[in-house]
Amino acid sequence: FSVFLIPNNLSLDLVGGEKHHRTMETLISTSVDIRKALFAKTLFIEILGLVSLFAITVLDNLLLKLLFHITFLDAGFSLKWIIAMYFVISAGILTLGLLGSYVAFHVSDLKTGGYIIAIADAILVYLIMNNLKNINEEYMIITGIGIFCIVVVLALLSSFRLNKVD
């Protein structure tokens, strides 16, 4: 679950860094639309997180094959279970990226924001990993849908906050 570190750190640094390093005024004074710039930064964070999830999956499967001569499917996981798990993890990546961007606007310093996002990260990992062997695919899909609902709420809150920036 190291893939959660990318939206964790980048969302605070790329989005919150504008406020913390006092470059937001410079960005606002240019002809660039502030909403588009911050949306592009958040979108970059989300895409990088999803790409890293794919890369880590390929690397993990390759290492399993080289070291233990098995793959995820050989280890007893069904394809449906693996897809459901990645659905939940992808939802978590999107949630942490948006939450980090949203928190970056509301905290006075990035260190406090980092603590908030780290707590959210720990809760998310606990929710995903708790009773992992006893969880079926349907439960993971429902959890993923619930997390995606949080993503929608965070996206709406972030866009409302960006409207106040102008």
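Numbers here simply count residues along the sequence, with the first being 1. No experiment lies behind these values; they were computed from the predicted model shown.
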Can you tell me how far apart OG1 (T95) and CD1 (I89) are? Round to the nearest 0.5 Å. 12.5 Å
Distance only, no hydrogens: is a donor on one side chain within 3.5 Å (strictly under) of an acceptor on the other, for D74 and T71? yes
Mind listing the closest non-hydrogen atom pair of A91 and G144 along with its distance? CB-O, 3.9 Å
Check for me, please, whether L50 and I145 land in the same ILVMFWY cluster - side-chain distances under 4.5 Å, paths through other members count. yes
For a quick test of reading the model, state the closest non-hydrogen atom pair linking A120 to L99 and the distance between them. CB-CD2, 3.5 Å
Do you know which of L53, N61, D60 makes side chain to side chain contact (heavy atoms under 4.5 Å, CB included) with T57? L53
Cluster question for you: counting only ILVMFWY and a side-chain heavy-atom cut-off of under 4.5 Å, with indirect links fine, are L79 and W81 together? yes
Between the side chains of E46 and K41, is the shortest nitrogen-to-carboxylate-oxygen separation below 4.0 Å, so that they form an ion pair? no
When rounded to the nearest 0.5 angstrom, what distance separates CD1 in I56 from CG in L63? 11.5 Å
Which atom pair, heavy atoms only, marks the closest approach of I147 to G92? CG2-N, 3.9 Å
Interatomic distance, CG@L48 vs CG@L43, rounded to 0.5 Å, equals 11.0 Å
On a heavy-atom basis, which atom in S101 and which in T42 lie closest, and how many Å separate them? OG-OG1, 3.2 Å
With the 4.5 Å side-chain cut-off for hydrophobic clustering, are L67 and L73 part of the same group? yes
May I have the step-by-step check of ring-ring contact (aromatic ring centres under 6.0 Å, His included) for F148 and F87, ending in yes or no? CA-CA 10 Å; F148 272 117; F87 177 72; 5.1 Å; yes
Spell out, yes or no, whether V152 and I142 are grouped together once hydrophobic residues are joined by side-chain heavy atoms under 4.5 Å, including indirect joins. no
Under a 4.5 Å cut-off applied to non-hydrogen side-chain atoms, are K80 and M85 in contact? no
Just how far is it from atom OG1 of T112 to atom CD1 of I117, taken to the nearest 0.5 Å? 11.5 Å
Following the transitive rule for hydrophobic clusters with a side-chain heavy-atom cut-off under 4.5 Å over Ile, Leu, Val, Met, Phe, Trp and Tyr, establish whether I70 and L62 coincide in one cluster. no
Output the distance between atom CG (L59) and atom CG (L66), rounded to the nearest 0.5 Å. 9.5 Å
